[in-house]
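Below is one structure, written out as structure tokens; the observations come after it.
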Amino acid sequence: MLPEVLATRYVTPLREGGSLPGIVEADDLGTYVMKFTGAGQGPKSLVAEVVCGGLARRLGLRVPELAVIGLDPVIGLAEPDQEVQELLKASAGPNLGMDYLPGSIGFDPLAYRVDPVEAGRVVWFDALVNNVDRSWRNPNLLVWHGDLWLIDHGAALIWHHNWPSAAASAARSFAAADHALAPFAPDVAAADAELAPLVTAELLDEVLAEVPDAWLGPEPGLEEPAALRAAYRETLLGRASTVGARVELGARTERRGSGAPGWLTGRPETTRGATR
């Protein structure tokens with residue numbers, strides 16, 4: 001199970017994301033990036049964070065440690081921002097915390113090179129969990145102590161928002177042409193050979209056991225948490241066996257007219273004046 005701590009101080013909101021996560025301090029003297037059950041995406045976003053974080057860690061990828069953070073909304077009474085106050089009031093009880101990585105910086109493909117093997121492992125993992133939110137527009141990657149760290153998986157597992165069509169959705173190909181690591185020639189075949197055999201029913205059960213029951217709300221035909229965990233397990237297990245062949249890197253983004261900036265595509269006429 002994930003460790004459980006209590007929030008002792010709300011420090012500041014992080015306004016980069018639509019869910020308005022915030023930095024909090026907890027009674028274990030740790031500092032966390034906290035995501036809230038009362039945010040617009042609801043508990044399913046937190047489920048995706050737990051499942052993807054636990055799975056990534058067990059596959060050898062770097063993700064911040066997770067914890068369940070108990071929140072007393074009284075903490076927000078002194079918060080001057082009305083939006084934050086309302087969010088804290090709506091999120092009483094267990095929420096999700098990710099270990100804060102002090103001094104980390106956002107991933108910049110000009111300043112940090114990724115070898116094809118590591119790039120392939122990240123792309124393969126994102127294909128497995130249907131993570132559509134690691135593009136050049138929003139990499140959701142940090143560099144900390146010289147290593148690449150994966151963050152923000154709340155938009156992954158997109159099929160769990162409509163369980164009746166989950167099997168069909170999870171069977172689709174994964175378009176990776178816009179992936180943040182696509183320019184680094186990701187070796188997806190090597191990643192598939194290494195990682196696919198590791199995704200077993202036993203490993204998935206271990207990961208899914210970390211999701212609090214309170215976040216596994218009833219779904220049509222899947223009223224109990226155990227039934228939902230089984231649905232997650234079978235969907236991911238089936239995808240792992242075929243996902244390597246479903247990754248579509250395709251043409252580079254500038255050829256598809258998607259507006260990729262010069263700092264990513266390496267066009268010399270635009271690279272020098274770019275800002276992050």
Side-chain angles (χ1 to χ4, degrees), residues 2 5-7 9-24 26 31-56 63-64 66-100 106 126 129-135 137-142 150-166 169-170 178 180 208 210-220 222-223 225 228-229 231-232 235:
L2 294 178
V5 299
L6 293 174
R9 187 168 80 95
Y10 182 86
V11 180
T12 188
L14 296 174
R15 298 189 179 276
E16 291 86 352
S19 61
L20 200 65
I23 296 177
V24 302
T31 303
Y32 296 88
V33 175
M34 187 170 177
K35 293 199 170 183
F36 300 93
T37 55
Q41 293 88 338
K44 283 188 178 180
S45 174
L46 307 189
V47 173
E49 293 281 9
V50 174
V51 173
C52 295
L55 186 53
V63 293
L66 301 178
V68 175
I69 303 183
L71 175 67
D72 185 336
V74 72
I75 287 176
L77 293 180
E79 172 57 46
D81 188 310
Q82 184 67 28
E83 183 182 11
V84 173
Q85 272 204 33
E86 293 300 323
L87 178 60
L88 295 176
K89 290 178 182 177
S91 303
N95 295 268
L96 183 66
M98 285 144 278
D99 190 29
Y100 179 65
D126 284 336
V129 298
N130 284 106
N131 182 20
V132 297
D133 199 20
R134 203 177 327 273
S135 70
R137 301 171 185 85
N138 188 30
N140 283 325
L141 294 166
L142 296 177
L150 283 59
I151 61 169
D152 287 351
H153 298 97
L157 309 182
I158 53 177
W159 33 264
H160 72 165
H161 294 283
N162 185 9
W163 278 107
S165 65
S169 177
D178 279 349
L208 290 161
E210 296 182 334
V211 181
D213 284 357
W215 298 347
L216 293 169
E219 300 279 346
L222 300 168
E223 283 76 18
L228 270 168
R229 287 190 175 93
Y232 279 104
T235 303

Side chain Asn140, main chain Asp133, donor-acceptor under 3.5 Å: yes
Check: Asn95 side chain, Gly93 main-chain N or O, donor-acceptor pair, under 3.5 Å: yes
Interatomic distance, Glu86 atom CD to Leu20 atom CG [nearest 0.5 angstrom]: 12.0 Å
Flag, side chain of Lys35 to backbone of Leu46, donor-acceptor distance under 3.5 Å: no
Geometric class of the Trp159/Tyr232 ring pair [parallel <30°, tilted 30-60°, perpendicular >60°]: tilted
Rounded distance [0.5 Å steps], CG in Leu88 versus CD in Glu79: 7.0 Å
Counterpart residues, salt bridge (Lys or Arg N to Asp or Glu O under 4.0 Å), relative to Asp213 (two or more places apart): Arg229
Side-chain donor or acceptor of Glu223 paired with backbone N/O of Pro218 under 3.5 Å: no
Spatial distance of atom NE2 (His153) from atom CG (Asn130) [nearest 0.5 Å]: 12.5 Å
side-chain contact (heavy atoms from CB on, under 4.5 Å) assessment of Ile69 paired with Leu6: CA-CA 5 Å; Ile69 303 183; Leu6 293 174; over 6 Å; no
Ser169 (side chain) donor-acceptor with Ser165 (main chain) under 3.5 angstrom: no
Parallel, tilted or perpendicular: rings of Phe36 and Tyr10 (30°, 60°): tilted
Side chain to side chain contact (heavy atoms under 4.5 Å, CB included) partners for Val132, two or more places apart: Ile158
